[in-house]
Participant: 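Just passing along the structure, written as structure tokens.
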Amino acid sequence: MTGSTAASFTADDYRARMERAARTAADAGLAGLLVAPGPDLVWLTGYTPPAVTERLTLLVLAAGQDPVLVVPALEAPDAHRAAGAAALTLRDWTDGKDPYAATAALLDASGRFGISDNAWALHLLALQQAMPGSSYASLTEALPMLRAVKDVAELDLMAAAGAAADATFEEIRNVPFAGRPESGVAADLDRLLRRHGHEQVDFTIVASGPNGANPHHEAGERVIARGDMVVLDFGGLRDGYGSDTSRTVHVGEPTDEERRVHDIVREAQEAGFRAVRPGAACQDVDRAAREVIADAGYGEYFIHRTGHGIGVTTHEPPYMIEGEERPLVPGMCFSVEPGIYLPGRFGVRIEDIVTVTEDGGRRLNTTARELVIVE
């Protein structure tokens, strides 16, 4: 992550996040939260360790207690410079000392704790050994909505990331496609995303012809030809917040069937977007998009959920999928990305990031959703 992310938020912002996280954990019946290096630690403190190693770094949060960041002594100077450092207490430990005993002293030895998903098993097992009466739940399981609702500053960063992805699409649609390998167009996407401010590119899917029927196709050396439908799906992090958009283009003039399938997906994407409103269930978005595709006779070829949350990572809760009854709340951000995938032939996907507003939804991607012809 670049330093610009931390510069966007103050110590007071991070203090408020940590306090809210601790309260939410207590409301969920947890004794506290244990946050290892990764997106949760960055979001809560603004701190990214210089390296993730076997040395323990762990943020300890519990309602009614000051936040404590346990860090290796050799990394303490970096932790002190973090944007949220003034909102917490740093407790360093030196090589040769037992960091798990020091951490256990901060905790209820018989408590149940939420622990970040990417915590190393090495550290979790050592904590269990230091506190045999303790138990743990992953943060995604225990507090899936911890980062889901974005504040105004976060929404501004999400919108800027979306605009950068849109600018990338407006440029990529003008590059040559025919006669080039998918990997060449993918490299163009990576370069353009970075030119438009992304510090991290997470994916650049370029799926041409029959490869388009694989939603997560890795761009390869297949040479794109005239007559190909090409699914483009790309995104990453700009100033620490995610972009993710998909458009399907066609090299030369499409057939009537290709136009019809693309129109069906476009209508499904619009139906999913129209279903976004406060209080609606996440599954309502999936149902609205899926109904359009099923009614058109292609239901068996829509083979994934309609959407996923996005924020400081490009995939996170909430998920727009049947069975997810969690209500939408203003400030949530997620994708709406239905698709049709015809094995051995072609695929179509159209994706926008959407945020829930007080009276509906707002797209953070605004490029044309009609079928774009490229050369």
Participant: Regarding Thr357 and Asp359, do their side chains bring together a donor and an acceptor under 3.5 Å, going by distance alone?
Facilitator: yes
Participant: Under 4.0 Å between a Lys/Arg side-chain N and an Asp/Glu carboxylate O for Asp190 and Arg194?
Facilitator: yes
Participant: Tell me yes or no: between the side chains of Glu337 and Ser335, is some donor less than 3.5 Å from an acceptor?
Facilitator: yes
Participant: Is it the case that the side chains of Ser110 and Asp108 hold a donor-acceptor pair, with the cut-off being a distance below 3.5 Å and no angle test?
Facilitator: yes
Participant: Please confirm whether the backbone N or O of Met131 pairs with a side-chain atom of Ser134, one donor and one acceptor, at under 3.5 Å?
Facilitator: yes
Participant: Distance only, no hydrogens: is a donor on one side chain within 3.5 Å (strictly under) of an acceptor on the other, for Thr367 and Arg247?
Facilitator: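 Looking only at side-chain atoms, Arg247 and Thr367 do form a donor-acceptor pair, the distance falling under 3.5 Å.
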Participant: Do the side-chain N and O atoms of Ser183 and Glu221 include a donor-acceptor pair separated by under 3.5 angstrom?
Facilitator: yes
Participant: Are any of the side-chain heavy atoms of Phe234 and Asp244 separated by less than 4.5 Å?
Facilitator: no
Participant: For Arg55, is there an ion pair with Glu75 - N to carboxylate O distance below 4.0 angstrom?
Facilitator: no
Participant: So does Glu322 have more than 12 non-hydrogen atoms from other groups sitting under 6.0 Å from CD?
Facilitator: yes
Participant: Can you tell me how far CG of Asp117 sits from CD of Glu316, rounded to the nearest 0.5 angstrom?
Facilitator: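 Taking CD in Glu316 and CG in Asp117, the distance rounds to 11.0 Å.
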Participant: To the nearest 0.5 Å, how far apart are CZ in Arg15 and CG in Asp66?
Facilitator: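 That separation rounds to 9.5 Å.
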Participant: Answer yes when Glu253 and Arg226 have at least one side-chain N-carboxylate O distance shorter than 4.0 Å, and no when they do not.
Facilitator: no
Participant: Closer than 3.5 angstrom, by distance alone: can the side chain of Arg180 be matched with the main-chain N or O of Val175 as a donor-acceptor pair?
Facilitator: no
Participant: Looking only at atom types and distance, does a side-chain atom of Asp284 sit under 3.5 Å from a main-chain N or O of Ala275, one as donor and one as acceptor?
Facilitator: no
Participant: Could you tell me whether the side chains of His262 and Thr248 share a donor-acceptor contact shorter than 3.5 Å?
Facilitator: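 Looking only at side-chain atoms, Thr248 and His262 do not form any donor-acceptor pair under 3.5 Å.
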Participant: Looking at Glu270 and Arg363, does any basic side-chain N land under 4.0 Å from a carboxylate oxygen?
Facilitator: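 So Glu270 pairs with Arg363 through a salt bridge.
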Participant: Do we get Arg17 above Phe9's six-membered ring, with its NZ or CZ under 6.0 Å from the centre and within 45° of the axis?
Facilitator: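 Yes, a cation-pi geometry holds between Arg17 and Phe9.
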Participant: Hey, are Arg349 and Tyr341 close enough side-chain-wise for a donor-acceptor pair under 3.5 Å?
Facilitator: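 Yes - a donor-acceptor pair under 3.5 Å links their side chains.
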Participant: Check the side chains of Asp13 and Thr10 for a donor-acceptor pair under 3.5 angstrom, ignoring hydrogens and angles.
Facilitator: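 On atom types as modelled, these side chains qualify, holding a pair under 3.5 Å.
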Participant: Any cation-pi pair here, Arg290 with Phe302, using under 6.0 Å and within 45°?
Facilitator: yes
Participant: Are Val336 and Val356 linked, directly or through intermediate hydrophobic residues, by side-chain heavy-atom contacts shorter than 4.5 Å (ILVMFWY only)?
Facilitator: yes
Participant: Does any donor atom in the side chain of Ser116 or Asp40 lie under 3.5 Å from an acceptor atom in the other side chain?
Facilitator: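 No, no side-chain donor-acceptor contact under 3.5 Å.
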Participant: Cut-off 3.5 Å, side chains only: do Glu182 and His217 have a donor facing an acceptor?
Facilitator: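 There is such a pair between these side chains.
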Participant: Does the plane of the ring in His123 sit parallel, tilted or perpendicular to the ring in Trp120? Use 30° and 60° as the thresholds.
Facilitator: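 Ring orientation, 0 to 90° scale: parallel.
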